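Take a look at the structure set out below.
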2 protein chains.
Amino acid sequence: MARARATLRDVAERCDVHLSTVSRVLNNKKGYAVSEEVADRIRRTAAELGYKTNPFAYSLRVNRSFTVGVLIPDLSNPIFPPIIRGIEHRLEQSGYTAILGDTDNRVEEERRIVERLKARQTDGLILATAHRADDLIRSCIDEGYHVVLINRSLDDDAVASVVNDDGAGIAMAVRHLLDQGHRKIAHIAGPQEISTGFRRYLAFMEAMQKEGLDPDEDLIAFCHNYSEKEGWAALRGLFEREKPFTAVVAANDLLALGCYDAIIEAGLSCPEDISVTGYNDMPFSDKFKPPLTTVHIPLHKMGEEAASAMLKLIEQTPDKTRQHRVTPHLVVRGSTARCNGPR
Amino acid sequence: MARARATLRDVAERCDVHLSTVSRVLNNKKGYAVSEEVADRIRRTAAELGYKTNPFAYSLRVNRSFTVGVLIPDLSNPIFPPIIRGIEHRLEQSGYTAILGDTDNRVEEERRIVERLKARQTDGLILATAHRADDLIRSCIDEGYHVVLINRSLDDDAVASVVNDDGAGIAMAVRHLLDQGHRKIAHIAGPQEISTGFRRYLAFMEAMQKEGLDPDEDLIAFCHNYSEKEGWAALRGLFEREKPFTAVVAANDLLALGCYDAIIEAGLSCPEDISVTGYNDMPFSDKFKPPLTTVHIPLHKMGEEAASAMLKLIEQTPDKTRQHRVTPHLVVRGSTARCNGPR
DNA sequence: ATGAAAGCGCTAACAA
DNA sequence: TTGTTAGCGCTTTCAT
């Protein structure tokens, strides 16, 4: 697109001063006393000509793009839009722009997309990628890239991350089901290579044991990714084992949605026969059939915090907090009900 | 982020040739016969050093960013992720990157965000913005920007656009309700300054009239934007008029969802008392309570087509098709049922 | 208080 | 077949 844009030189000529002076004024560099009179004239003509600094030239000069790459596994998963909005809002405040990279849930894509983002010279990378790619992360860091993780963390905490308290969240869900009289509770676990999947699974076990209920191995199924389809398949698998249960704690909302399908398919109904809880309180989870009881986490806020952490990294603001924690809470809706005795 | 990246010069020095030769080889410019021997050595060392062309320098030189701005009203509206994915997929094939701008449904934001995108020197603008901003569009074009519209069009067709056949879609919905025995059909119309809102309204009127049913003015409500809240308020307004109706055609899915709320609030139920149809077949519309009967449009494909049109514009490929039309079809689900007589 | 000049990394027109 | 050079628009160091 070849639009003629006013340059520093244009402004300088019109003002009959040297271009470096214009630059100083427009960026109000101090230490260079410029007469108010000249400064004023410069500012006025700049506005008049609609001068905007050319981002290419600027970036080339200062070697920064003022963009940050945001890697997500799947934009269609409703939890990501709010996160992204949060990131964008915060970034925008500081003049940065987010560049999205979507892996379509494919691991092989991850590396390729990160390369694309790096090629674009993003000043940092926010990874909201659900999939494990520790070596990828590590290599980014080794190359000197700034990295912030969302909803996952590396075991050794070497990387800044924004996470929610999965342990507390799952405990609330289990607690709620227990309060409703459920004892045979199944768990549809997320992928164990992902920190959320792993931590939620551990939390489930712990919460059950705390109640003196040793969770039955046969009532736990592991999914390969967070999708409706996996949730459906997993619960279907549990039904086939023919061990009774009256409730299921799904590791996230999409999985829970898949459980709905499996329950219907089995000729049962939720919550009458089986109660279901999700995790994330994604948009529209209150509109499903039935409205989903789930653990709410502040998605938008997590995005903002991730962006803040990234900006601190980029701007070298000292910040010892590596892990930014955010608090979940339970939202009780229609997918859970009192236990009607054993099934 | 200060990572040392190999430059053309680095490669040139290592190969003991002039940097311009390296440039030629790496961009395989023809017309400059370079001996295979040298070319090979250059390619090898470039790979070895991990050379990537610096996008700032390149963009500065050729005055193009290889990015296109994508303006949407609200990322949280589930119809946009598929559209955006479609855009990104196509753009990526040609080495372009999308830069998102979200107006949060606020008109005032629109101009500001377009300015931001322009400041970033995007090579074009894809506007999926629901809100009217004809003068904005016009000014973009006047300034020489490439513009493609999604799901809206200017009256005079001066701008490339990708639209679906709203007339056909609404006709199918109305037809379906008529077939189910409904006669008193209400319409929750979208904003009339938006082409979809306007066209769907006209299509509704026409479809009814074709059946000899003069639509009752009192059974039509207009919304200010496409949101659940507006749909809820609008249907609520209709209930207050106390004219009976047994079905409602909503101008989009979000509006339909709002109708669900109003129906429940009125102590009625869908589809037993009132049938509801939506428009867009947005993700998850099959998971609602009840699953929504709606008009499906190929969102991902629309995104791709918009991107293709944009690339043609940028690359100056001749293309006389200004309007790219896409065909909708009806998806019958649980929110519509046979009419149980007048209410 | 202001000007001059170098150079970020690249491409393209011109030379040899 | 390969080299030289100017210059995209900007910031910054040094000079005046």
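Values in this document were obtained by computation on a predicted structure and should not be read as measured data. So you know, we letter chains A, B, ... as the sequences are listed, proteins then strands, and number each from 1.
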Protein-nucleotide distance ([X], atom [atom1]; [N], atom [atom2]), rounded to Å:
| X | N | atom1 | atom2 | value |
| --- | --- | --- | --- | --- |
| B:E37 | D:dT1 | CD | P | 13 Å |
| A:R64 | C:dG9 | CZ | P | 16 Å |
| A:I42 | C:dA1 | CD1 | P | 14 Å |
| B:R9 | D:dT4 | CZ | P | 13 Å |
| A:Q121 | C:dC10 | CD | C1' | 13 Å |
| A:L8 | C:dG3 | CG | P | 14 Å |
| B:N27 | C:dA12 | CG | P | 8 Å |
| A:E36 | C:dT2 | CD | P | 11 Å |

Steps toward side chain to side chain donor-acceptor pair (under 3.5 Å) verdict (A:T97, B:R120): CA-CA 9 Å; A:T97 300; B:R120 287 259 170 206; 2.8 Å; yes
Could a donor-acceptor pair under 3.5 angstrom be found where the side chain of A:R24 meets the base of C:dG3?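 Side chain to base: pair present.
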Residue set satisfying side chain to side chain contact (heavy atoms under 4.5 Å, CB included) with B:D74, at least two apart, ordered chain then number -> B:S76, B:N77, B:N105
Listed partners of [X] passing side-chain hydrogen bond (donor to acceptor under 3.5 Å, both in side chains), at least two apart:
| X | answer |
| --- | --- |
| A:D104 | B:R85, B:H89 |
| B:E109 | B:R112 |
| B:S308 | B:R90 |

Distance check: side-chain N/O of A:Y58 vs OP1/OP2 of D:dC8, anything under 4.0 Å?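 For D:dC8, neither OP1 nor OP2 has a side-chain N or O of A:Y58 closer than 4.0 Å.
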Can you work out whether B:V38 or B:A57 has the more 5'-proximal nearest nucleotide on DNA chain D?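 The residue whose closest nucleotide sits nearer the 5' end is B:V38.
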Does a side chain donor of either A:Q121 or B:R5 reach within less than 3.5 Å of an acceptor in the other side chain?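 Yes, side-chain donor-acceptor contact under 3.5 Å.
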From the options D:dC10, D:dC8, C:dC8, select the nucleotide whose nearest atom is closest to the side chain of B:L60.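 Closest nucleotide among those given: D:dC8.
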When we call it a touch if two heavy atoms are under 4.0 Å apart, what does B:S59 touch: a base, just sugar-phosphate, or nothing?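 The answer is nothing, as B:S59 stays clear of every strand by at least 4.0 Å.
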Go through the structure and list residues passing ring-ring contact (aromatic ring centres under 6.0 Å, His included) with B:Y51, not counting sequence neighbours. none
Return the residues of residues 11-23 of chain A meeting this criterion: a heavy atom under 4.0 Å from some atom of DNA chain C. Order them by number, or give none. A:V17, A:H18, A:S20, A:T21
